[in-house]
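Chain identifiers are assigned alphabetically (A, B, ...) following the order of the sequence lines, protein sequences preceding nucleic acid strands; residue numbering begins at 1 within each chain.
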2 protein chains.
Amino acid sequence: MPAGRPRTFDLQQALDRALRVFWRKGYEGASLPDLTAAMGINRPSLYAAFGNKEALFRQAVDRYLAGPACHVREALAAPTARAATEQLLARSIELVTGRRNPRGCFLVQGALAGGDTASGPRRELNRRRAATEAALRQRYEQAIRTGELPAGTSAGQLAKYFAVVMHGMAVQAAGGARAAELRQVAQTALRAWPHDGK
Amino acid sequence: MPAGRPRTFDLQQALDRALRVFWRKGYEGASLPDLTAAMGINRPSLYAAFGNKEALFRQAVDRYLAGPACHVREALAAPTARAATEQLLARSIELVTGRRNPRGCFLVQGALAGGDTASGPRRELNRRRAATEAALRQRYEQAIRTGELPAGTSAGQLAKYFAVVMHGMAVQAAGGARAAELRQVAQTALRAWPHDGK
DNA sequence: GTAATATCATACCGTGTAGTACATAAATCG
DNA sequence: CGATTTATGTACTACACGGTATGATATTAC
């Protein structure tokens with residue numbers, strides 16, 4: 001233990017709680033009293049441990065991708081691109097409609113509109129969403145090389161399509177859509193999967 | 001002309017400009033100085049003409065649906081459900097990527113996250129999006145009755161699918177996606193259109 | 001035990017927010 | 001004309017925001 005008075009709260013737990021506040025209210029909508037109340041700490045402790053509000057937000061984004069949204073990387077490791085896509089959709093639906101989490105996708109919630117002070121966090125979320133889409137595109141490129149997908153398939157186009165579906169489902173979930181409805185949507189979306197004959 | 005000093009600005013033009021501010025920054029992100037500066041009026045004039053910030057927002061929503069987003073109703077009047085869907089997607093892409101407008105869909109931008117003061121506007125936007133989806137569902141129900149769509153088709157499921165696609169495209173557009181990319185996404189999305197054989 | 005160090009708790013700072021009081025200006029009504 | 005009505009412009013209020021100074025408290029190093 002380093003010299004000095006020891007911290008009386010758990011860093012990771014506090015970050016998890018901050019993540020849930022940002023998830024529900026967005027960057028600007030989450031006030032410092034909101035955050036400190038949820039984290040169970042007071043303001044100077046927050047600043048000492050995480051820097052400032054924007055730094056805390058960035059750390060919450062990392063935590064989101066490593067924790068609640070870790071299924072993305074797992075799904076992409078599935079044996080086939082088709083299975084990877086099915087898993088990605090299924091587990092994204094779980095995530096955005098989960099009872100234990102705020103509704104919707106954290107990367108989408110706060111990313112769209114906002115004042116000038118939120119432009120930094122907004123760009124950050126845009127980058128992260130683009131990175132996810134890029135990973136999906138690479139998985140499709142691999143599937144084209146292995147012959148799972150027809151040679152003429154555009155991996156980028158297909159990745160953007162399923163990214164659109166996932167983001168759209170996140171919007172629906174934020175508006176109260178149920179998991180069962182979204183599973184049917186996912187099934188419908190998969191009908192657009194490329195076939196040789198077409 | 002009614003008695004009293006006449007208004008020196010055009011109500012509708014001022015509302016249009018307020019709409020664009022809300023569109024870009026969301027309800028909470030749009031401050032009163034932002035609004036009054038864009039509208040070219042001062043604060044008391046705003047309150048006298050529109051009530052308060054929330055009332056102004058609601059009127060901006062109405063204006064959005066009657067103006068920039070009026071294509072929705074037009075598209076639904078197309079002779080076939082398939083054509084209606086194609087037009088809906090095509091013109092939504094124009095709207096959310098248009099150079100003359102803020103990026104993205106106004107009904108999606110501010111609807112997801114936000115503080116407590118934004119819960120009213122948020123619910124309002126959710127209602128409007130749900131109404132659009134319901135109109136689409138009714139169009140599909142009609143197509144089932146006329147035999148354009150297979151008898152077993154779920155109109156609600158199909159409407160939710162295309163609503164998801166449109167909202168997802170709005171998110172992509174807010175993140176900087178280009179119209180050409182989204183047109184390819186729309187083409188891909190239409191591959192999920194119901195067929196008898198399947 | 002004493003010095004050094006880091007956290008905790010309270011109270012504060014400057015700024016920006018939504019909304020309004022009040023006096024002035026410009027039109028119609030009689 | 002004067003009286004009335006409505007809009008405008010300035011200045012203000014009360015409050016919430018992000019961020020911080022300061023002193024007390026709890027631990028390690030010596």
Measure the distance from CD on A:Glu28 to P on C:dT17 and round it to the nearest whole Å.
-> 10 Å
Taking the side chain as every heavy atom from C-beta outward, state whether B:Phe106 and B:Leu95 have any pair of such atoms under 4.5 Å apart.
-> no
May I ask you to verify if any side-chain N or O of B:Ser45 is less than 4.0 angstrom from the OP1 or OP2 atom of D:dA7?
-> no
Going by heavy atoms closer than 4.0 Å, what residues in residues 9-21 of chain A are next to DNA chain C?
-> A:Phe9
Protein N or O to nucleotides 21-26 of chain D N or O, pairs below 3.5 Å:
| residue | atom | partner | partner atom | Å |
| --- | --- | --- | --- | --- |
| D:dT25 | O2 | A:Arg5 | NH1 | 3.0 |

Once you round it to whole Å, what is the distance between C1' of D:dG18 and CZ of A:Phe22?
-> 12 Å
Could you tell me whether B:Arg137 and B:Glu133 have a side-chain N and a carboxylate O separated by less than 4.0 Å?
-> no
Please name the pair of heavy atoms, one in A:Val185 and one in B:Val164, separated by the smallest distance, quoted to 0.1 Å.
-> CG1-CG2, 4.0 Å
In this structure, which one of B:Lys53, B:Arg43, B:Arg24, B:Lys25 forms a salt bridge (charged side-chain N to carboxylate O under 4.0 Å, His left out) with B:Asp34?
-> B:Lys25
Is any side-chain nitrogen or oxygen of B:Thr8 closer than 4.0 Å to OP1 or OP2 of D:dA7?
-> no
Got a sec: does the CG of A:Asp10 have more than 12 other heavy atoms crowding it under 6.0 Å?
-> yes
Between CG of A:Asp116 and P of D:dC17 the distance, given in whole Å, is 19 Å
In numerical order, the residues of residues 31-39 of chain B whose heavy atoms come under 4.0 Å of DNA chain C are B:Ser31, B:Leu32, B:Pro33
Please give, in whole Å, the distance from D:dG18 C1' to A:Lys53 NZ?
-> 8 Å
Mind calculating the distance between CG (B:Asn52) and P (C:dG19) to the nearest angstrom?
-> 5 Å
If you check the A:Arg43 side chain, which of D:dG18, C:dT5, C:dG19 turns out closest?
-> D:dG18
Starting at CD1 of A:Ile41 and ending at P of D:dG19, how long is that distance when rounded to a whole Å?
-> 14 Å
Starting at CG of B:Leu56 and ending at C1' of C:dA18, how long is that distance when rounded to a whole Å?
-> 13 Å
Among the nucleotides D:dA7, D:dG19, C:dT20, whichever has the atom closest to the side chain of B:Arg7 is D:dA7
Would you name the heavy atoms of A:Ala189 and B:Tyr161 that are closest together and state the gap between them?
-> CA-CE1, 3.5 Å
Output yes when at least one side-chain N/O atom of B:Asn42 is less than 4.0 Å from OP1 or OP2 of D:dT8, else no.
-> no
